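Quick note: residue numbers are just sequence positions, from 1. The shown structure was predicted, so the numbers you read here are calculated from the model rather than taken from an experiment.
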Amino acid sequence: MPDTAAATAALTGIAAAAQQGPGDTLRIVLLISMVGGALLAWFLLRGYRSGESADQPTDTTARGASGDAEDANA
């Protein structure tokens, strides 16, 4: 007859190892959260670039109907 104590210990050891907490799942969630946070920060901060690009106007003064620079509060 096989040793039932050894078989029971082996089975409970396997079951205990599978129930040691959320380890892998928590690591995956944290990794995805960090990558998502970095992407969100990049997306939000890219609008605050100080460099000039072709699609952004370089002159920020208010222009009137004639094209002359005017005081915006006048």
(message) I need the single residue from Ile32, Leu31, Leu30 that forms a side-chain contact (heavy atoms from CB on, under 4.5 Å) with Ile28. Which is it?
(response) Ile32

(request) May I have all residue pairs that pass salt bridge (charged side-chain N to carboxylate O under 4.0 Å, His left out) and include part of residues 33-44, sequence neighbours excluded? (result) none

(message) With salt bridge (charged side-chain N to carboxylate O under 4.0 Å, His left out) as the rule and sequence neighbours excluded, what pairs involving residues 22-32 come up?
(response) Asp24-Arg27

Cut-off 3.5 Å, no hydrogens considered: what does the side-chain donor-acceptor table look like for residues 34-48, sequence neighbours left out?
none

